[in-house]
Amino acid sequence: MENTLIRDKLTNILKSIFIAIKRFITSPTLIYTIRRILSGLFTLTLILAVVTALIRLIPDIKLYDVRLYSKLAGTSVTAAENYKIVQLFKYGRVDLDGNRIPVIRNILQYIYNALPIPKSIPIRWDTRYTVVLKYWEGFSYLGTSMDTNKLVNEMLAERIGVSFRISISSVFFAYLIGYPFGIAMAKKPGGIIDRLGTVFIVLNYAIPALVFFLLMNKILGNPSGIFGALNLGYFYIAGDWRSLIAPVFSIVFLSVPGIIIWVRRFMVDQLTSDYVKFARSKGLTENRIMYVHVLRNAFVPLIRNVPAAFIFAIIGSYYVEVIWGIPGTGNLLISAIRATTPDVPVIQGLTLIYSAMSMIAFLLGDIVTVWFDPRIRLTHKGDI
Amino acid sequence: MKNKISEIFRKFLNIFKPTKNKVVRSDDFEQTTYILDDTDKIQNGETIISVKNLEVQFRVRAKVLTAIRKVSVDIKKGETFAVVGESGSGKSVFTKTLVGMLEENGNVSGGQLLYAGVDLAQFVENKDWLKIRGKRISMIFQDPMTSLNPLKRIGFQVAEVIRIHRGLDKKSAKEEAIKLLERVGIKDARLRYRDFPFQYSGGMRQRVVIAIALACKPDILICDEPTTALDVTIQAQILELFKDLKDEFGFTIIFITHDLGVVAEIADRVAVMYAGQILELGTAEDIFYHSQHPYTWALLSSLPQLGRNDEDLFSIAGTPPSLIEDVKGDAFAPRNVHGMEIDYYKDSPLFKISETHYAKTWLLDPRAPKVKRPKIIDEIPERVAAIYTGGDL
């Protein structure tokens with residue numbers, strides 16, 4: 001008797017778990033997400049193909065050190081030829097026997113290397129370039145930098161941390177300041193705060209970013225200037241959070257107006273809508289209307305951009321990283337492009353990372369929007 | 001110095017405080033101690049709202065627009081009082097004044113608004129109004145599609161009012177809300193309690209809006225064109241619901257509309273408004289069958305329902321006057337086919353026709369020439385009867 005009771009209970013629980021799983025698997029959001037990831041991977045492949053094909057346009061002679069080649073040729077022609085082959089092999093132009101590889105295979109090779117599959121790739125040879133001394137063992141291989149001869153994976157891992165820290169803090173502060181400011185402006189359109197805010201926004205937009213960054217670097221960093229007491233310094237010092245204040249402040253200052261404008265716009269939209277009028281006639285206090293009813297509605301069109309803001313802050317702070325000498329990814333990209341011989345693997349690796357990140361950002365934006373607004377369903381065209 | 005800083009800080013914090021609905025008036029206003037609990041003692045048929053010489057003005061740029069010009073009317077408990085008029089006649093402003101929801105540039109510039117003996121026109125702060133709005137006087141707006149917060153569950157929105165005004169806890173507020181939803185005709189209210197507004201149809205949403213408005217058993221329900229956005233069958237259902245609920249809850253309805261068909265369906269008394277004034281006031285019968293004001297005639301003549309196939313549909317020529325300047329004489333005079341010279345320089349008083357029937361036109365003055373009413377007005381009883389019997393006109 002009791003046994004059957006327990007069994008019934010168990011089957012019930014199992015059933016409900018089964019239903020929940022079924023609902024999750026068949027939920028349009030999940031299907032949409034999977035589709036988006038698949039199409040995102042396809043886009044990523046295309047981007048890599050284009051970048052690799054473009055990089056193929058760099059002549060071979062730029063990819064190896066001609067002086068080293070002729071020096072080696074002075075002692076042994078084979079060694080020199082081997083050196084050339086090994087260098088070109090690194091960029092997927094020839095195989096280790098010296099046969100040329102077509103563009104398509106070059107692209108596929110790069111993608112295969114980037115995929116998280118265990119593999120071993122030769123990375124160091126003896127002085128005569130005949131014997132492989134060291135293999136790289138691991139999952140995703142993005143090549144070695146031409147400049148520093150370090151692995152691109154490691155360089156990225158090293159540098160993304162500080163970029164990430166800057167972007168997180170600048171986006172956080174930008175929203176922390178921009179959001180209440182936008183709300184305050186929306187509460188009384190045409191009021192004193194609204195007007196002051198508009199002046200601030202217009203002036204802010206009028207400043208060229210680069211000029212502002214250079215100015216801030218000079219003003220905030222100057223030890224004998226007004227902010228000298230804060231000891232912020234002209235340059236970034238690893239491990240010293242204070243040296244990040246100036247760059248983060250500069251980014252926040254320039255990104256706040258964008259947030260204010262949109263928050264204000266959607267807030268005003270919502271505050272003049274009918275449901276607010278009805279809520280008021282229900283006898284709710286203004287604060288309750290504002291924070292319980294309006295805020296979430298005004299946030300729906302904004303939330304989609306929040307993940308993107310984070311990601312683009314990581315990508316988009318080239319100026320800041322160069323000016324304050326921050327060893328982040330932005331700085332890395334600039335120096336890779338600026339070098340006399342472009343640092344091909346670094347550019348490729350950064351392109352891969354950046355495109356993947358922006359795709360993830362937009363997908364996250366969509367998912368967050370769905371989570372916020374029950375009216376929105378993620379489906380593909382034609383689905384119901 | 002310290003005080004100064006805290007002053008500045010407080011001012012800064014005030015930025016985030018709501019400013020809407022705060023009517024700032026120059027004359028000092030002493031807090032009236034008012035007892036609104038007495039409203040239950042008012043018997044059916046006694047005056048519950050008494051408007052005296054009400055004047056409402058809006059500041060539009062540097063000019064002043066007078067939207068309500070000296071309106072006086074008594075609204076009795078338990079009746080359905082309809083206010084009709086064309087767009088811009090001030091009917092919506094009139095009702096907004098009753099719940100203190102005028103736009104920020106508007107204010108009551110004169111007169112009294114007595115609700116159970118309390119002068120609502122003297123309310124300065126929003127927190128005074130919070131005791132009235134939703135609790136004593138509820139309001140329903142035109143568009144049910146947008147009256148509900150799209151991101152909050154239906155149940156939450158109904159229970160919210162019950163919790164706030166009646167102080168019930170979450171659980172009993174929920175039970176109460178479900179009862180209310182069932183009462184206004186939502187089937188499976190318990191199952192659909194957690195639905196979002198977009199999952200409801202237009203008619204159902206209007207029912208939810210009605211449920212919210214009735215949640216605190218208000219004395220007065222103001223309906224600002226509640227059926228305009230609905231199709232005709234749903235409109236009839238909602239009007240039927242209003243009648244049923246009125247019998248059950250015993251509230252007073254103030255019904256704003258420009259649809260005279262709806263008025264005939266539901267109203268006990270009707271006020272015809274034009275350019276911020278009441279031109280004719282009477283029972284529904286007075287207005288429909290014995291109307292005296294040329295404007296009311298014009299309105300009734302332009303009803304398509306009363307027209308006949310062989311007649312051209314009447315329309316009122318011209319446009320309503322701008323209320324920014326002072327209106328000299330009768331505002332309707334330029335559009336009035338029966339207009340007299342006196343209309344252009346002297347406003348007519350409100351003539352009493354019977355105990356219930358008043359009209360504001362010089363035509364009722366003994367010295368005025370006798371004017372023949374339009375044929376269609378004289379024929380209204382027969383024509384209406386023909387509509388109801390389905391007969392051919």
Side-chain angles (χ1 to χ4, degrees), chain A residues 177 179-197 260 263-264 266-303 369-377, chain B residues 12-22 95-96 98-101 103-105 126-127 129-153 156-158 160-162 164-165 194-199 209 212-213 215-216 218 222 224 229:
Chain A
I177 297 164
Y179 221 77
F181 211 92
I183 293 173
M185 278 172 78
K187 267 190 177 161
K188 218 170 173 202
I192 184 82
I193 303 165
D194 195 22
R195 284 187 203 178
L196 285 177
I260 294 178
V263 170
R264 183 191 175 280
F266 289 119
M267 255 348 236
V268 169
D269 258 16
Q270 294 297 328
L271 279 173
T272 52
S273 67
D274 283 354
Y275 75 85
V276 170
K277 219 164 62 178
F278 185 58
R280 210 165 269 146
S281 87
K282 273 154 75 172
L284 306 185
T285 60
E286 286 298 316
N287 277 334
R288 193 176 166 88
I289 293 174
M290 201 75 170
Y291 298 114
V292 178
H293 289 276
V294 173
L295 217 52
R296 190 165 157 198
N297 277 288
F299 209 63
V300 166
L302 290 164
I303 188 106
T369 312
V370 171
W371 174 62
F372 241 73
D373 190 340
R375 285 170 299 177
I376 297 170
R377 288 262 176 85
Chain B
F12 177 74
L13 284 181
N14 277 340
I15 289 167
F16 297 101
K17 276 199 183 148
T19 47
K20 235 178 168 162
N21 282 312
K22 203 184 262 178
T95 51
K96 277 185 196 162
L98 286 179
V99 284
M101 278 175 57
E103 280 74 12
E104 247 175 289
N105 60 343
N126 199 26
K127 77 167 191 277
W129 280 111
L130 293 181
K131 295 173 192 157
I132 302 282
R133 248 185 249 148
K135 204 173 177 186
R136 302 282 174 183
I137 306 178
S138 280
M139 199 157 172
I140 292 172
F141 293 96
Q142 182 174 351
D143 197 350
M145 293 298 178
T146 51
S147 279
L148 296 170
N149 184 342
L151 296 187
K152 291 280 176 204
R153 296 176 195 280
F156 173 87
Q157 299 193 41
V158 182
E160 182 183 33
V161 204
I162 299 173
I164 287 176
H165 287 310
R194 281 178 65 76
D195 276 1
F196 287 100
F198 74 92
Q199 290 162 309
V209 168
I212 292 173
C216 297
I222 299 172
D224 193 349

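Values in this document were obtained by computation on a predicted structure and should not be read as measured data. Below, chain A is the first sequence line, B the second, and so on; all start at residue 1.
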J.: Tell me, side chain or backbone of A/I192 under 4.5 Å from chain B's heavy atoms, or both, or neither?
T.: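 When you check distances to chain B, no heavy atom of A/I192 falls under 4.5 Å.
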J.: Return the OG to CD1 distance between A/S281 and B/I132, rounded to the nearest 0.5 Å.
T.: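 It is 13.5 Å, given to the nearest 0.5 Å.
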J.: Could you pull out all residues at least two apart from A/R375 that satisfy side chain to side chain contact (heavy atoms under 4.5 Å, CB included)?
T.: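 Side chain to side chain contact (heavy atoms under 4.5 Å, CB included) check on A/R375 returns A/N297, A/D373, B/P150, B/L151, B/F198.
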J.: What verdict does the side chain to side chain contact (heavy atoms under 4.5 Å, CB included) test give for B/N149 and A/R296, after you've listed the backbone C-alpha separation in whole Å, the side-chain angles of each residue and the deciding distance to 0.1 Å?
T.: CA-CA 10 Å; B/N149 184 342; A/R296 190 165 157 198; over 6 Å; no
J.: Using every non-hydrogen atom in the two residues, find where A/K277 and B/M101 come nearest and quote the distance to one decimal.
T.: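 Distance-wise, the nearest heavy atoms are O-CE, 3.3 Å.
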J.: Pick one of side chain, backbone, both or neither for B/V99, based on which atoms fall under 4.5 Å of a heavy atom in chain A.
T.: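 B/V99 has no heavy atom closer than 4.5 Å to chain A.
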J.: Between B/I164, B/T146, B/L148, B/V161, which shows the greatest number of heavy-atom pairs under 4.5 Å with chain A?
T.: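 It is B/T146.
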J.: Going by the rule side chain to side chain contact (heavy atoms under 4.5 Å, CB included), which residues pair with A/T369 if we only count those two or more places apart in sequence or in a different chain?
T.: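 So A/T369 forms a side chain to side chain contact (heavy atoms under 4.5 Å, CB included) with A/V300, A/I303, A/R304, A/I376.
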J.: Going by the angle between their ring planes, with limits at 30° and 60°, are B/F156 and A/H293 parallel, tilted or perpendicular?
T.: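 B/F156 and A/H293: tilted rings.
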J.: Shortest non-hydrogen contact from A/L284 to B/L130?
T.: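 Minimum heavy-atom separation between A/L284 and B/L130: O-CD2, 3.4 Å.
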J.: If I compare all heavy atoms of A/F278 with all of B/S147, which pair ends up nearest, and what's the gap?
T.: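 Closest approach of A/F278 to B/S147, heavy atoms only: CD2-O, 3.3 Å.
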J.: Considering non-hydrogen atoms only, spot the tightest contact between A/R288 and B/E160 and give its length.
T.: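 Smallest interatomic distance, heavy atoms only, reads NE-OE2, 2.8 Å.
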J.: Does any backbone or side-chain atom of B/Q157 lie under 4.5 Å from a heavy atom of chain A? Answer side chain, backbone, both or neither.
T.: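 Both backbone and side chain.
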